[in-house]
Amino acid sequence: MSKNVEVLIRAGKETELFRPRGMETPEVRQPSIHIDPIVQEEEAKLVQRVFLLPAYETPHVVVFYRVGDIDGGVGICARAGQNLANQTGSSVCMVEGDLHSPSLHEYFGIDNFRGLTDAALDPGPIRDFVHSLPGSNLSVLTGGSRCGEGQTLWKSERMRSRLAELRAEYSYVLVDGPQLSKHFDAMLLGQMADGVILILESRVTRRETARTAKENLAAANVKILGAVLNNHTFPIPETLYRRV
């Protein structure tokens, strides 16, 4: 049976992929996109495993990283936020973390004139920069008008302060991060979060690239919470999962 999204890391398990080989404001709308029911089920399971299973410490700020060129990575992150908001009834804020190539505003059909980069440079409470989706407990913080300054901003104490504000204001903060291997600031973002989820593309993301990403995150003391394999056309056999 076809699956476009496959959860690769389950509670307490690690996939073979990470092992070396022999490894309005303008009117705000929620997007109307047809998602295969099987994909919906897998994405709902991802949210349950990462956020809702009993654990010593539940993550509240999570970054979704793309490992390689990913088709639809922003959608995986955004739908995780929608699933989390629907399943918990708690406040969830989606944040644009890819300031090199912002796309979260396009997914939700909102403007990008005032967002995270503006909040990092301008005064005012963080909620002044956030779009609240009508009839929903989901909010969106776009990249904003100064995304060109993003690489410098991630290193600033002001950006850390704004993320701490988001943590205090919302029950969950999900960040759509940049491509992990391309940008140095991606690692800085992960260090500010409780953990990260890796998005890999079937038949595109190389095993060695995935393993290197895992090792670099571990070296930076960034916790990997899980991973998904995008556009996967057949189930991963249960025998490929191994305990960490």
Side-chain angles (χ1 to χ4, degrees), residues 3-18 35 39-53 55 57-88 90 92-98 103-104 107 138 163 166-167 170-183 185-202 204-205 209-218 220-232 236 241 244:
K3 295 184 180 182
N4 288 336
V5 177
E6 183 87 25
V7 179
L8 294 183
I9 295 183
R10 303 183 179 180
K13 296 184 180 181
E14 178 183 349
T15 177
E16 181 71 13
L17 277 177
F18 293 120
I35 305 297
V39 174
Q40 290 179 329
E41 180 182 356
E42 289 296 312
E43 292 181 339
K45 287 179 181 177
L46 173 69
V47 168
Q48 292 166 4
R49 289 166 180 157
V50 173
F51 298 97
L52 304 181
L53 288 179
E57 187 175 355
T58 301
H60 293 279
V61 179
V62 174
V63 180
F64 284 68
Y65 281 134
R66 294 183 287 278
V67 182
D69 294 321
I70 304 299
D71 179 20
V74 64
I76 293 174
C77 178
R79 290 190 297 275
Q82 292 169 316
N83 270 310
L84 186 57
N86 291 337
Q87 291 186 48
T88 65
S90 301
V92 177
C93 186
M94 302 295 311
V95 178
E96 178 64 78
D98 186 359
S103 57
L104 194 64
Y107 183 90
L138 187 68
L163 287 177
L166 286 168
R167 184 189 290 271
Y170 297 92
S171 299
Y172 300 96
V173 178
L174 273 59
V175 184
D176 180 43
Q179 188 178 139
L180 189 56
S181 58
K182 273 191 174 182
H183 307 294
D185 51 315
M187 202 64 70
L188 297 175
L189 178 56
Q191 291 172 334
M192 299 181 203
D194 299 328
V196 303
I197 293 173
L198 304 183
I199 304 174
L200 306 97
E201 187 79 7
S202 180
V204 174
T205 304
T209 302
R211 187 166 60 88
T212 298
K214 174 181 178 291
E215 291 171 352
N216 290 341
L217 289 166
N221 199 30
V222 176
K223 183 178 182 180
I224 299 178
L225 301 171
V228 294
L229 186 60
N230 192 38
N231 290 323
H232 193 53
I236 296 177
Y241 294 100
V244 177

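No hydrogens, no waters, no symmetry mates; every other heavy atom, side chains included, goes into these values.
Between Phe51 and Val62 there is a side-chain heavy-atom pair separated by less than 4.5 Å. Contact annotation: the side chain of His60 never approaches that of Val173 to less than 4.5 Å [non-hydrogen atoms, C-beta and beyond]. Inter-residue side-chain proximity for Met94 and Phe64 is flagged as unmet; no heavy-atom pair is nearer than 4.5 Å. With contacts defined as side-chain heavy-atom distances shorter than 4.5 Å, the pair Leu166/Val61 does not qualify.
Closest heavy-atom contact between Ala213 and Leu180: CB-CD2, 3.6 Å. Of all non-hydrogen atoms in Gly190 and Val196, the two that sit nearest each other are CA-CG1, 4.1 Å. A pairwise comparison of heavy atoms in Leu138 and Gly81 identifies CD1-O, 3.8 Å as the closest pair. In terms of heavy-atom proximity, Val47 sits nearest to Ala80 at CG2-O, 3.5 Å. Pro178 and Leu189 get closest at one heavy-atom pair: CD-CD2, 4.2 Å. Scanning both residues, Val175 and Gly97, for their nearest heavy atoms gives CG1-CA, 3.7 Å.
Taken to the nearest 0.5 Å, the CD atom of Glu96 stands 13.5 Å off from the OH atom of Tyr107. Residue Ile76 holds its CD1 atom at 10.0 Å from CD1 of Ile197, rounded to the nearest 0.5 Å. Atom NZ of Lys45 is separated from atom CG of Asn83 by 12.5 Å, given to the nearest 0.5 angstrom. The CZ atom of Arg66 sits 5.0 Å away from the CG atom of Asp98 when rounded to the nearest 0.5 Å. A distance of 10.5 Å separates CG in Leu84 from CD in Gln48, rounded to the nearest 0.5 Å.
Every residue two or more places apart in sequence or in another chain that forms a side-chain contact (heavy atoms from CB on, under 4.5 Å) with Ser90 is listed here: Thr88, Ser171, Tyr172. Checked against side-chain contact (heavy atoms from CB on, under 4.5 Å), Asn216 has the following partners two or more places apart in sequence or in another chain: Met187, Thr212.
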Stepwise side chain to side chain contact (heavy atoms under 4.5 Å, CB included) check, Asp194 with Arg167: CA-CA 11 Å; Asp194 299 328; Arg167 184 189 290 271; 3.0 Å; yes
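Looking at Gln191, its side chain never comes within 3.5 Å of a backbone N or O of Val222 through a donor-acceptor pair.
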